[in-house]
Amino acid sequence: MSRNLGQHIATRLVELGVDTFFTVPGDYNLVLLDQLISDKRLKMINCCNELNAGYAADGYARVKGVACVVVTFTVGGLSVINAIAGALSENLAVIVITGGPNSNDYGTNRILHHTTGFADFHQEARCFKEVTCAQTEIFNLDDARLEVDHTIASAVRESKPVYLSICCNLAHIPHPSFSTSPVPYAIAYKQSNADSLTAAVDAAAEFLNKAVRPVIVNGVRIRVSKAHQALVELADACGYPVAAMPNAKGMFPEDHPRYLGTYWSVVSSPYVAETVESSDAYLVVGGAFNDYSSAGYTMLIKKAKMVDVQPHHVVIGGHQTFSCVIMKDFLKGLAGKLKQNATAWEQFDRMYVGLAEPPQSAPGSPLRTKSLFKHVQRMLTEDSAVLAETGDSWFNCQKLKLPKGCLYEFQMQYGSIGWSVGALLGYQAALHGKKRVLAFIGDGSFQVTMQDIASLMRWKFAPILFLINNQGYTIEVEIHDGPYNYIKSMDYVALVKAIDNGDGNSLALRVDTEEELEDAIEQAHKHTDGLVFIECTIHRDDCSRELLEWGSRVSEANMRPPNPQ
Ligand code: TPP
């Protein structure tokens, strides 16, 4: 019996390890959804809006490597696009499927609903061109199999989002091309050029073996290269200490004996900037430098001292470039060539003095951010995961010391507020209860996407969501203040209870003091079968030292005067 296009897509998703997809239904995608859910290996999670469905796919892809979000033509497509831009910025393979017009409407001058009112049905695809690495519109079934396979393979191979539009009258029609094969679809991955690889490894070894105090700096692009383990093995082999750039937090084990902490210019962990910047050679693996990760371009890093290892090429000393070199192959090759050198670690260890925990606050005194994160640190175990929303949570969570196995995610390149609510949903769906997720979100960000805590409740996920209510956009206050940084206050606990509506099995608490926080955390530990929401009321100007420092530097960078003409 012939299978249909919808069934074929479902099979491909399952083959890639996808067991859940996210959606907002619309009349253009309903028939496709019928086909997807008829495959019992796929679970559908429908969200309150497309932005959150896209963020959920982002969160899911961070765990599973690939995710899928299904939306409807144009109204859905353009609504999900901001989340997909975020996925692009984080190199996440998110497959966006939109239900498109009836195939007979292409080439006519009909005006369709949910469009901008022009007989141009490619507008949505053009919009996605900017945020996906492949776009395919399926108008006929004869070529559909090859086109679908090619598009999905592009997402996996490039680790980037792709766009697939399926005409609304095609997904359910049997066609012989969709017969299953006993062999799953094979994806051709990139390979290193053997000569380039050898030359790059030899040149890097020569460069680094001459150095007195070499260090390793771990960057975010290690994710797209899947080179986490290769980096650990290299660090073990050479004895160099390892610092993580802020956007790579959680990608290198923080319990490693020579882990330094975060390298983030002036807001680095104690003694880390000094160690990295005074080194005579740094091996930067997967580094992505921007104005935020460099704290307003204030890093004292010189290309002449750097071995810059990118996913597909290596640059040594700022001038020797080796292309067609895959990061993982390079790290493995280098591990066999570097001389042991723990000098930088020994120097760090001699001068290092750890930070003291803040003392217990006086009874009844207002809750401080520093006290909150003291307790959060104590909550973390190997069974935890942390999601940090854009805002002061970036800085407070960055300072957490992650126990072995504790996962960590945030969206630093794109920094779209509200990301963490949807991402939390997708992250939970992918983790299958393996970790207790602690999410940290400011009140400003929460107001963007909060309705999808309904989906967290509906699908019975049990994260602990800390709402940091500092009555406004504090991160922006520290960059540039004005009346626009004040927001409407809300009764967030009442809101969560209203969304729960008696069947969400959630626990919602507000805490104003350290003792109340301790009590709430105790309750959260016991309430393991539903969402725990803890609103922490924090003074408007109570923020991390790092945000103050970073904010003034980013402000300085933003306000550079125009060059004279
Ligand atoms: N719109 C989007 C979609 N993303 C953004 N990053 C911004 C606007 C600009 N922005 C950056 S942070 C921020 C805004 C509006 C405020 C965050 O406030 P909140 O979540 O309360 O965190 P806090 O800074 O108070 O910790």
Side-chain angles (χ1 to χ4, degrees), residues 49-55 58 78-90 131 246-247 267 290-293 295-296 366-373 376 386-400 410-424 438-453 465-490 492 495 510 533-555 557-558:
N49 62 49
E50 286 83 358
L51 180 62
N52 282 335
Y55 286 146
D58 169 318
L78 299 196
S79 294
V80 80
I81 217 161
N82 189 42
I84 302 311
L88 178 70
S89 77
E90 296 277 330
V131 295
N247 39 4
V267 291
N290 68 15
D291 50 346
Y292 274 17
S293 70
L367 177 64
R368 301 284 184 232
T369 302
K370 62 186 177 190
S371 310
L372 166 61
F373 281 90
V376 170
V386 174
L387 288 196
E389 177 64 79
T390 303
D392 197 25
S393 297
W394 270 6
F395 300 90
N396 292 306
C397 293
Q398 187 71 223
K399 290 188 282 186
L400 295 169
F410 71 139
Q411 194 204 48
M412 188 164 174
Q413 173 59 44
Y414 200 53
S416 188
I417 60 169
W419 162 84
S420 65
V421 177
L424 177 60
L438 277 57
F440 298 87
I441 178 163
D443 48 340
S445 301
F446 191 63
Q447 289 192 5
V448 182
T449 50
M450 59 191 174
Q451 60 277 65
D452 261 293
I453 60 166
L465 200 158
F466 287 90
L467 176 79
I468 322 287
N469 182 1
N470 52 15
Q471 303 114 59
Y473 297 159
T474 299
I475 190 171
E476 298 210 328
V477 170
E478 304 313 338
I479 297 174
H480 184 105
D481 202 8
Y484 31 76
N485 290 328
Y486 291 78
I487 59 175
K488 168 88 180 72
S489 70
M490 294 185 184
Y492 295 102
L495 196 92
R510 177 180 301 116
F533 177 88
I534 304 178
E535 177 190 348
C536 305
T537 58
I538 295 284
H539 189 276
R540 185 177 156 80
D541 295 321
D542 177 358
C543 72
S544 62
R545 175 192 77 77
E546 289 77 9
L547 171 55
L548 279 186
E549 176 78 59
W550 176 91
S552 43
R553 280 163 203 267
V554 167
S555 165
N558 282 350

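All values below come from the heavy atoms of this structure, side chains included, with hydrogens, waters and symmetry mates left out. In listed order, ligands and their atoms are each counted from 1.
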ask   = Within less than 4.0 angstrom of ligand 1, does Gly472 place any heavy atom?
value = yes
ask   = What residue and atom, counting heavy atoms only, is the protein's closest point to atom 3 (C) of ligand 1, and at what distance?
value = Ser416 OG, 3.4 Å
ask   = Has ligand 1 got any nitrogen or oxygen that is less than 3.5 angstrom from a nitrogen or oxygen of Asp443?
value = yes
query = Taking atom types as modelled, is there a side-chain donor on Thr369 or Asn396 under 3.5 Å from an acceptor on the other?
reply = no
query = With side chains defined as the heavy atoms from C-beta onward, is the minimum distance between Asp452 and Tyr55 less than 4.5 Å?
reply = no
key: Minimum-distance protein heavy atom relative to atom 5 (C) of ligand 1   = Gly415 O, 3.7 Å
key: Distance from atom 12 (S) of ligand 1 to nearest protein heavy atom, with residue and atom   = Ile475 CG2, 3.2 Å
Nearest-neighbour protein heavy atom for atom 4 (N) of ligand 1, which is reported as residue plus atom name and distance = Ile417 N, 3.1 Å
message = Can you confirm if the aromatic rings of Trp550 and Tyr292 lie within a centre distance of less than 6.0 Å?
response = yes
remark   = A student checking ligand 1 against Asn470 at a 4.0 Å heavy-atom cut-off should list atoms 23 (P), 25 (O), 26 (O)
Nearest protein heavy atom with distance in Å, relative to atom 23 (P) of ligand 1 = Thr474 N, 3.7 Å
inquiry  = Are the side chains of Tyr492 and Gln447 in contact, using a 4.5 Å heavy-atom criterion?
reply    = yes
request  = Please report which non-hydrogen protein atom sits nearest to atom 20 (O) of ligand 1, along with the residue it belongs to and the distance in Å to one decimal place.
outcome  = Ser445 OG, 2.6 Å
task = Work out which heavy atom in Asp542 is nearest to a heavy atom in Leu367; give both atom names and the distance.
result = OD2-O, 4.0 Å
message = Give me the atom names and distance for the closest heavy-atom approach of Gln411 to Trp394.
response = O-CZ2, 3.7 Å
message = Counting C-beta onward and ignoring hydrogens, is there a side-chain heavy-atom pair between Ser544 and Phe373 closer than 4.5 Å?
response = no
ask   = Step by step, would you call Asn247 with Gln413 a side-chain hydrogen bond (donor to acceptor under 3.5 Å, both in side chains)?
value = CA-CA 8 Å; Asn247 39 4; Gln413 173 59 44; 5.5 Å; no
request  = State the atoms of ligand 1, each with its element, that fall below the 4.0 Å cut-off from a heavy-atom position in Gly444.
outcome  = 19 (P), 20 (O), 21 (O)
Residue and atom name of the nearest protein heavy atom (relative to atom 26 (O) of ligand 1), distance in Å to one decimal = Asp392 N, 2.9 Å
key: Least distance between heavy atoms, Cys543 atom then Glu478 atom   = SG-OE2, 3.9 Å
Residue and atom name of the nearest protein heavy atom (relative to atom 14 (C) of ligand 1), distance in Å to one decimal = Glu476 OE2, 3.2 Å
ask   = Are Ile468 and ligand 1 in contact, using a heavy-atom cut-off of under 4.0 Å?
value = no
